[in-house]
There are 2 protein chains.
Amino acid sequence: MAKRAQTTRVGISDVAAKAGVSLATVSRVMNGNLSVDPQIATRVRATATELKYQPNPTGRNLARGKTDTVGVVVPDLGNPTFQSVLRGVSRAAALDGYRVLIADSSEVSSEESILASEARRRCDGVVLCAPRMSPAELEELAPSLYPMVLVNRTTDATSSPSVIVDYGKGIQDLAAHLMELGHTRLAYVAGPESSASNGLRLAGLATFREANPSIEIQVLPNGSTFEDGYNSAAAVLDSGATGIMAFNDLTAMGLLSNLNERGIRVPAELSVTGFDDIPFARYTTPALTTADVPIVEVGEQAWRQMRDLLNSPEGNDAGASTPEGVTRTFSPSLVVRGSTAAPASKAQ
Amino acid sequence: MAKRAQTTRVGISDVAAKAGVSLATVSRVMNGNLSVDPQIATRVRATATELKYQPNPTGRNLARGKTDTVGVVVPDLGNPTFQSVLRGVSRAAALDGYRVLIADSSEVSSEESILASEARRRCDGVVLCAPRMSPAELEELAPSLYPMVLVNRTTDATSSPSVIVDYGKGIQDLAAHLMELGHTRLAYVAGPESSASNGLRLAGLATFREANPSIEIQVLPNGSTFEDGYNSAAAVLDSGATGIMAFNDLTAMGLLSNLNERGIRVPAELSVTGFDDIPFARYTTPALTTADVPIVEVGEQAWRQMRDLLNSPEGNDAGASTPEGVTRTFSPSLVVRGSTAAPASKAQ
DNA sequence: AGAAAACGAGAAAGCGCTTTCTCAACCGTT
DNA sequence: AACGGTTGAGAAAGCGCTTTCTCGTTTTCT
């Protein structure tokens, strides 16, 4: 083995030698093991400080069989939603002494499984955000990733803890809000087809339709970006709807921008709603009515589920007392601002 | 040592046993060492696949003395700038087979040094974003963090590679743009005092003043958020300036929002510029004139500097051939949009 | 006071790999 | 046919810790 020259980092044996004790004792002291003579402990600690000794994490990791690190797999680090999840996990995990390793698949979903597995091997667990992964692939991947926590997905056969946002309820709240204002013709400017959360919104709308047969709800296929929203204006106007629910705040803002250019007044002529309540939503003109999604909290909760998993007894498939399969749901909350009002026909 | 029951992960020795070779040979095959009989290599590979063997990273890390991980220290994961740096580093590093570990100090700058050191111990190197850290502290910390790459900071005594954005030039470009439009009274709505990049802007303005003594430039102390921008409107109007340079796009948008409420037309009565060219800048009303900062590229470049450091010969303080102390500068580029025009007095 | 229990610290065995070191088998020379 | 020179793979020594095992001491109980 190569022998690094002088600058070799100070190791546990250096401390042991200088303090006149064995490696074991130094280790015990560093780990707060109580069964060490307080006097010796103090001496060891002093020596450690003097020598600026810092235990090598890799050595510890190998010996303890854990890394105090959790992986977060996201499909796109540029997406504000995942950035917020990441932040939530990172901050919550930090409070428990864990660090976060990033695995960004850059939307190459074919790499997602591999990336997740690799992250799992390096970490004690993974938080998986994989909205586009097929259910079958997810189901197959899940067992090998244990412990794992899902964000905005659930597994069926395998039961993994999940943290999900009830997009269905959120969109229903928005639709109900528009209905109460007097709108009878609504349109949903949809998100990407493969998006799971778009599916949940559609399901929510289906439920709403059943409960309120008198309300018309059109679905206009579209995307998820500001640009997509901007480009949806023509279809929106063609639809004849007066209450428009955009996939998210970004597309709502794009739509708003185009409508503004066309001289169409919001909310006088058309009501528009967003989804997510991103920081900018309150500053658009008019300010956006939307459904607030506490996405950072989703990340925090994901960590807590992970922590429970990590602390739970070894036997992972045992009985009913394990925290397995717990699903924590966050409901978006309606935020009414200036972009919605009674429809023109009834208002005036 | 505790003996994990049945589900013990398949290790290198399992492969060796099943393939009828020694551990060493399996290791050699897995690492592409050529000095292995092709026939044996094939057999080993087949066994590895059959057994679904995946080398344990921790073991490798310890044996090789490296972790294939780089730490990114940021003061606030909620800040779009650092999110982008993080993304840049993460994607670029991934291409070289490295992963990123996050260290978010959550703006608790007293913890920054400790956090950075800890990240360094877990990783092969650190990319440090610490705009508020005092030069003295940075200088003291630098040696112990080697290899380290700085973002938007430089060290003096210690020479660490840096990737910086020339904020001074950017603000001068904006000032020059306003001057060319005919503005003679400018105001800079400053960022946080402790912010290094705010200091660079101020220095840039000082240079500009020297070169253009006829132009008045007031400095209005302020902050860095949308809210801060919104609240700066009164001071801005008091100043009597006609060309307003905001600290960044966020504050510019806040200012714009307030001015809009007051019925003050932009750019007819007042010209406003931002800084950063965040995605929303083009969608404000009017669209924001700003200085584009290629911040993701900054992150990518930071990784490249890090890679050079990691690949450079051991002796880190040796001669002139090392990539030490290389500073890569990115210049913001002026993006003229609708929020700037000739001042009212001259325009009409 | 003698034996049992409790304690505290050192020795040593790993954790799962990589990489020397070592040596047998094989090659081509004169 | 004997010999230095290659190859190629196994044996073994770590990498820097943690944790059991072990055993000499001290305390406690009857």
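The chains referred to below are lettered A, B, ... by the order of the sequence lines, with proteins before strands, and numbering in each begins at 1.
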Checklist entry - Salt bridge or not for B:R132 and B:E112, using N-O below 4.0 Å? => result no

Checklist entry - Are the charged groups of A:R91 and B:D104 less than 4.0 angstrom apart, N to O? => result yes

Please give, in whole Å, the distance from [N] [atom2] to [X] [atom1]?
| X | N | atom1 | atom2 | answer |
| --- | --- | --- | --- | --- |
| A:M30 | D:dC17 | CE | P | 9 Å |
| B:R121 | D:dG16 | CZ | C1' | 14 Å |
| A:I12 | C:dG14 | CD1 | P | 19 Å |
| B:N31 | C:dC17 | CG | C1' | 9 Å |
| B:I40 | D:dG8 | CD1 | P | 10 Å |
| A:L51 | D:dG16 | CG | P | 15 Å |
| A:L23 | C:dA13 | CG | P | 14 Å |
| A:N33 | D:dT20 | CG | P | 10 Å |

Next on the checklist: Between the base of C:dG16 and the side chain of B:R64, is there a donor and acceptor pair under 3.5 angstrom?
Outcome noted: no

Item to check | Base C:dG16 paired with B:R9 side chain (donor-acceptor, <3.5 Å) | outcome: no

Checklist entry - Listed by chain and number, what are the salt bridge (charged side-chain N to carboxylate O under 4.0 Å, His left out) partners of B:R99, not counting sequence neighbours? => result A:E118

Can you tell me if [X] touches the phosphate of [N], counting only side-chain N or O atoms and a distance under 4.0 Å to OP1 or OP2?
| X | N | value |
| --- | --- | --- |
| B:Y53 | C:dG16 | no |
| B:T25 | D:dG10 | yes |
| A:N61 | D:dC17 | no |

Checklist entry - Nearest of D:dG10, C:dA9, D:dG8 to any side-chain atom of B:D37? => result D:dG8

Checklist entry - Quick one: which of D:dG10, C:dC15, C:dC17 gets closest to the side chain of A:A63? => result C:dC15

Item to check | Step-by-step side-chain hydrogen bond (donor to acceptor under 3.5 Å, both in side chains) determination, B:S117 to A:Q54 | outcome: CA-CA 10 Å; B:S117 302; A:Q54 306 279 161; over 6 Å; no

Next on the checklist: Applying a 4.0 Å non-hydrogen cut-off, can you work out what A:S35 is touching in the nucleic acid: base, sugar-phosphate, or nothing?
Outcome noted: sugar-phosphate

Checklist outcome for this item: DNA chain C nearest-nucleotide lookup for B:R28 and B:L62: closer to the 5′ end is B:L62

Item to check | Heavy-atom check, side chain of B:N31 versus side chain of B:R60, under 4.5 Å | outcome: yes

